[in-house]
Amino acid sequence: MVESSTGARSSLNDEPLVLTEKEQIRYSRHLLLSEVGLEGQLALKNAHVCVVGCGGLGSPALLYLAAAGIGKLTFIDNDEVDLSNLQRQILYKVNHLGQEKTKAASKVLASLNNQIDVQPINARIDADNIMQHIGSPDVVLDCSDNYQTRYLLNRFCSKHHIILISGAAIGTQGQVMHFDFRRPSACYACVFPQNDHDAPLNCDNFGVLGPLLGMIGSMQALLAVNMLLGHVSGSGMRQVEAMGLSVREFQLHIDPECHNCG
């Protein structure tokens, strides 16, 4: 067993945080990277990430977070697997049709990595239950498909100083945004004021290119890892155009008239 040179300790107990022999083999390609290494992999093992939405964005995000060794992975959804999901929601197979998404996802993730703590929650979050279901993770990934949930998560994470990584994709265009609320930061409502987005806008109504969701969800997972390792901070947005394979990056600034943080 390998112990952190800094004496890192798990948040779950008082034992030194270590990598087992199997974990050293599993994460060996991370350990070879100077950007990750032993200290970084221990930080991932000690991290708690919550993913809200187990659909087209949540599917690739959950797979990569589990594979990367995030120690505690909570995921929340209240939907069931439908045949139309399989075009883009790569967590699920034909034999999962009709099952709760969180139940099916739990089985897949446990089979991918049985060395992490997987916590499925079959529910739809709202203002009354959000604290109960989300708790106090290090990072929240907003992989939802509606503005009501996005604004709710934005308010919750900014209030409790939790990193928020928000993704969205419609048609052939997508975006991923990150907000490091551990310090003063712009928020989702600074960029998209709530009154401007009251109408429903999701894949059911407008369609979406499947691999684009894979790209955005993977970027969310990558940002989560980078922010946990200390390589990315602040707030920013990336816009993706699938047909031209282009990515544009923007810095975000606090809107003084924002009702959430201004």
Side-chain angles (χ1 to χ4, degrees), residues 26 48-70 72-126 129-130 132-135 137 139-150 152-153 165-176 199-222 224 240 242-243:
R26 176 184 288 273
H48 177 196
V49 175
C50 177
V51 177
V52 179
C54 301
L57 297 173
S59 288
L62 283 166
L63 287 168
Y64 275 112
L65 290 171
I70 299 298
K72 182 177 180 181
L73 196 53
T74 301
F75 43 97
I76 305 170
D77 203 301
N78 70 329
D79 204 359
E80 296 180 350
V81 181
D82 181 81
L83 183 60
S84 65
N85 300 152
L86 302 187
Q87 167 253 6
R88 62 198 179 280
Q89 299 181 19
I90 57 173
L91 257 176
Y92 312 113
K93 317 301 177 191
V94 172
N95 59 301
H96 293 141
L97 293 175
Q99 293 185 27
E100 296 174 357
K101 286 185 177 179
T102 51
K103 182 177 181 180
S106 181
K107 294 176 182 177
V108 173
L109 297 176
S111 68
L112 173 63
N113 191 346
N114 62 358
Q115 296 175 302
I116 64 173
D117 181 7
V118 173
Q119 298 193 339
I121 299 175
N122 184 49
R124 183 181 181 88
I125 61 168
D126 55 35
N129 66 22
I130 187 169
Q132 172 190 351
H133 291 321
I134 292 183
V139 181
V140 169
L141 264 62
D142 178 3
C143 299
S144 65
D145 64 355
N146 65 89
Y147 286 112
Q148 180 180 2
T149 301
R150 291 172 191 166
L152 177 63
L153 291 172
I165 301 173
S166 178
I170 288 291
T172 61
Q173 297 183 333
Q175 67 190 28
V176 59
L201 186 65
N202 55 48
C203 300
D204 293 338
N205 300 329
F206 290 86
V208 67
L209 189 63
L212 172 62
L213 288 160
M215 185 175 183
I216 298 297
S218 297
M219 290 174 71
Q220 287 181 268
L222 183 58
V240 178
M243 306 314 291

*Test Val52 against Ile125 for side-chain contact (heavy atoms from CB on, under 4.5 Å), laying out the working first.*
CA-CA 9 Å; Val52 179; Ile125 61 168; 3.9 Å; yes
Tell me, do Asn122 and Lys103 make a side-chain contact under 4.5 Å, heavy atoms counted? no
*Hey, does the side chain of Ser111 reach the backbone of Val108 with a donor-acceptor pair shorter than 3.5 angstrom?*
yes
Closest non-hydrogen atoms of Gly58 and Val51, given as atom of the first, atom of the second and distance, are CA-CG1, 4.2 Å
Partner of Cys50 under side chain to side chain contact (heavy atoms under 4.5 Å, CB included), picked from Leu73, Ile121, Ile134, is Ile134
Main-chain N/O of Gln132 paired to Asn129 side chain as donor or acceptor, under 3.5 Å
no
Separation between CG (Asp77) and SG (Cys143), nearest 0.5 Å, reads 10.0 Å
Across all chains, not counting sequence neighbours, the side-chain hydrogen bond (donor to acceptor under 3.5 Å, both in side chains) partners of Ser144 are Asp142
Residue set satisfying side-chain hydrogen bond (donor to acceptor under 3.5 Å, both in side chains) with Gln89, at least two apart, ordered chain then number -> Lys101
Thr149 and Arg124 have their tightest heavy-atom pair at OG1-NH2, 4.4 Å
- Report yes if some heavy atom in the side chain of Thr102 is under 4.5 Å from a heavy atom in the side chain of Ile76; otherwise report no. no
For this session: Would you indicate whether the side-chain heavy atoms of Leu209 and Met243 approach each other to under 4.5 Å?
Result: yes
Those residues at least two apart in sequence (or on a different chain) that pass side-chain hydrogen bond (donor to acceptor under 3.5 Å, both in side chains) with Gln175 are none
**Prompt:** Should Arg150 and Asn146 count as side-chain neighbours, where that means a heavy-atom distance under 4.5 Å?
**Reply:** no
So CD1 of Ile70 and CG of Leu109: to nearest 0.5 Å the spacing works out to 12.5 Å
Original post:
Are Ile165 and Leu141 side-chain neighbours, meaning at least one heavy-atom pair lies under 4.5 Å?
Top reply: yes
With sequence neighbours left out, the residues meeting side-chain hydrogen bond (donor to acceptor under 3.5 Å, both in side chains) with Ser218 are none
Exercise. Looking only at atom types and distance, does a side-chain atom of Gln148 sit under 3.5 Å from a main-chain N or O of Asp126, one as donor and one as acceptor?
Worked result: no
Contacts of Ala67 meeting side-chain contact (heavy atoms from CB on, under 4.5 Å) (sequence neighbours excluded), chain-then-number -> Leu112
Check whether any side-chain heavy atom of Val118 lies under 4.5 Å from a side-chain heavy atom of Phe75, and answer yes or no. yes
Between Val81 and Leu86, is any pair of side-chain heavy atoms under 4.5 Å apart? yes
Of all heavy-atom pairs linking Ala169 and Ile216, the shortest is CB-CG1, 4.5 Å
Taken in chain and number order and not counting sequence neighbours, the residues that satisfy side-chain contact (heavy atoms from CB on, under 4.5 Å) with Gln119 are Lys72, Thr74, Asp117
Between His133 and Ala123 the two heavy atoms that sit nearest each other are NE2-CB, 3.6 Å
Which atom pairs, donor and acceptor, lie under 3.5 Å between side-chain atoms of residues 90-99 and protein residues at least two apart or in another chain?
residue : atom : partner : partner atom : Å
Tyr92   : OH   : Cys54   : O            : 2.6
His96   : ND1  : Lys93   : N            : 3.0
Gln99   : NE2  : Asn95   : O            : 3.3

(Q) With side-chain contact (heavy atoms from CB on, under 4.5 Å) as the criterion, how do Val208 and Ile170 come out once you've worked through the C-alpha distance, each side chain's angles and the decisive distance to 0.1 Å? (A) CA-CA 5 Å; Val208 67; Ile170 288 291; 5.6 Å; no
Applying salt bridge (charged side-chain N to carboxylate O under 4.0 Å, His left out) to Asp82 and not counting sequence neighbours gives none
